[in-house]
Student: 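Okay, handing you the structure first.
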2 protein chains.
Amino acid sequence: MTQEQYSKYSFLLDRTARKVKQYAQQQFKSGDFDVTVDQWLVLKNLSENDVLSQTELANLVFKDHPTLTRIIDLLCKKGYVERMPHPQDRRSFQLHLTETGVSKVTSLRPEILHIREKAWENLSTHDFEEFKRILNTIYQNLNGESFDQ
Amino acid sequence: MTQEQYSKYSFLLDRTARKVKQYAQQQFKSGDFDVTVDQWLVLKNLSENDVLSQTELANLVFKDHPTLTRIIDLLCKKGYVERMPHPQDRRSFQLHLTETGVSKVTSLRPEILHIREKAWENLSTHDFEEFKRILNTIYQNLNGESFDQ
DNA sequence: TACCAATAGTTAGTGTGACAAATATATAAA
DNA sequence: TTTATATATTTGTCACACTAACTATTGGTA
């Protein structure tokens with residue numbers, strides 16, 4: 001195995017990640033889900049945690065603060081999320097789903113699980129475990145200081 | 001294995017792909033490479049093919065035409081690439097590296113191979129083959145009509 | 001009290017990605 | 001030859017990623 005061959009992983013990884021996002025986004029669109037793939041990730045995490053600050057949420061979804069600010073802006077505009085002032089810390093917000101947001105998550109969750117299955121045709125449970133292990137190893141190799149998940 | 005667990009691959013895949021790009025970009029920056037990760041991919045492919053049209057190049061690097069147009073614009077501005085008119089087809093360009101572009105690729109290639117190795121610490125050659133197989137299977141599962149590579 | 005470093009979040013700038021539509025040119029069909 | 005269709009590239013718009021710089025606030029410390 002030469003260095004040159006090893007370097008291909010970055011290309012295949014990027015290409016596949018984009019394809020996965022693009023496929024899901026097309027399905028989201030044809031189903032009139034009214035959210036993007038990344039907005040869904042945020043909604044899903046908010047639905048699993050009663051109240052979160054933007055920093056806590058950013059750590060859950062592994063997005064940086066500016067990106068999260070904009071996603072939250074869009075979700076607020078769409079009426080799925082509300083920023084409530086933190087009772088003790090005036091710098092911070094407490095994020096939570098609106099009623100509309102809760103019912104949006106409830107109605108979309110099964111459809112999205114179904115969309116996500118398509119990628120695993122022709123692959124086994126063992127493949128899935130290996131895939132997760134390799135992805136996490138790569139992530140940790142490049143993540144410098146800290147260990148995540 | 002529940003549906004719910006399967007759906008995590010998209011999160012891990014996206015997270016890892018971003019980390020890989022981010023890590024490389026940081027190394028590119030601290031080494032004053034004067035190109036982005038995506039610009040490098042384009043330069044590398046141009047260096048391996050004497051003359052390409054934008055459409056041919058787009059198919060090689062799996063980027064869409066508008067994205068490629070803009071990357072080429074930047075590389076031309078930096079003086080690494082030139083658009084030459086196609087002798088028979090006035091709609092098309094023939095892309096090629098300038099002398100500066102050629103020497104840029106020559107000087108960066110070994111450094112970038114070295115950067116790319118970091119991700120594979122603690123992983124085996126077999127892992128690498130499995131990883132490629134799984135990525136390509138996912139890609140093909142979602143790619144609808146055609147078979148790529 | 002006054003200062004100062006750390007933290008929460010936002011804004012701005014650049015690059016990239018996806019998609020739709022527009023422009024120009026080439027080629028095939030009538 | 002005229003018309004229709006296909007191809008190559010560009011432009012515009014929205015969303016996301018990353019960096020740097022900025023505001024406001026908090027908490028510790030002299």
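Chain identifiers are assigned alphabetically (A, B, ...) following the order of the sequence lines, protein sequences preceding nucleic acid strands; residue numbering begins at 1 within each chain.
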Student: Pairs in or reaching into residues 95-111 of chain A: which pass salt bridge (charged side-chain N to carboxylate O under 4.0 Å, His left out), with residues at least two apart or in two chains?
Tutor: Glu48(A)-Arg109(A)
Student: Does dA26(C) have OP1 or OP2 sitting under 4.0 Å from an N or O in the side chain of Gln88(B)?
Tutor: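 No, Gln88(B) has no side-chain N/O under 4.0 Å of OP1/OP2 on dA26(C).
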Student: Tell me the salt bridge (charged side-chain N to carboxylate O under 4.0 Å, His left out) pairs involving residues 71-82 of chain B, sequence neighbours left out?
Tutor: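 Counting only pairs at least two positions apart or across chains, the salt bridge (charged side-chain N to carboxylate O under 4.0 Å, His left out) contacts touching residues 71-82 of chain B are Asp73(B)-Arg83(B).
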Student: Can you list everything that forms a side chain to side chain donor-acceptor pair (under 3.5 Å) with Asp127(A)? Sequence neighbours excluded, please.
Tutor: Ser124(A), Arg133(B)
Student: Can you list the residues that meet the side chain to side chain donor-acceptor pair (under 3.5 Å) rule with Asp38(B), with sequence neighbours excluded?
Tutor: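 With neighbours one apart ignored, the set is Lys21(B), Lys63(B).
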Student: What residues form a side chain to side chain donor-acceptor pair (under 3.5 Å) with Arg70(A), not counting sequence neighbours?
Tutor: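 Per chain and number, Arg70(A) pairs via side chain to side chain donor-acceptor pair (under 3.5 Å) with no residue.
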Student: In this structure, how many angstroms lie between the P atom of dC16(D) and the CG atom of Asp14(A), rounded?
Tutor: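 That distance rounds to 17 Å.
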Student: Looking at every strand, decide which applies to Asp64(B) at a 4.0 Å heavy-atom threshold: base, sugar-phosphate, or nothing.
Tutor: base
Student: Do the side-chain N or O atoms of Lys63(B) get closer than 4.0 angstrom to the phosphate oxygens (OP1, OP2) of dG17(C)?
Tutor: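 Yes, within the criterion.
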Student: Tell me, please, which residues at least two apart from Trp120(B) pass ring pair (Phe, Tyr, Trp, His ring centres under 6.0 Å).
Tutor: Tyr6(A), Tyr9(A), Phe128(B), Phe131(B)
Student: Check each residue of residues 20-37 of chain B for a non-hydrogen atom within less than 4.0 Å of any atom in DNA chain D, then write out the ones that pass by number, or none.
Tutor: Gln22(B), Gln26(B), Lys29(B)
Student: According to a strict under-4.0 Å criterion, is Arg90(A) in side-chain N/O contact with OP1 or OP2 of dT26(D)?
Tutor: yes
Student: Within the 3.5 Å criterion, strictly below it, is a donor on Tyr80(B) or Asp34(B) matched to an acceptor on the partner's side chain?
Tutor: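 There is such a pair (donor and acceptor under 3.5 Å, judged by atom type) between the side chains of Tyr80(B) and Asp34(B).
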Student: Partners of Phe33(B) by ring pair (Phe, Tyr, Trp, His ring centres under 6.0 Å), sequence neighbours excluded?
Tutor: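 So Phe33(B) forms a ring pair (Phe, Tyr, Trp, His ring centres under 6.0 Å) with Phe28(B).
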Student: Classify every nucleotide of nucleotides 6-11 of chain D by which part a protein heavy atom approaches to under 4.0 Å, writing B for the base, S for the sugar-phosphate alone and - for neither, in 5'-to-3' order.
Tutor: BBSBBB
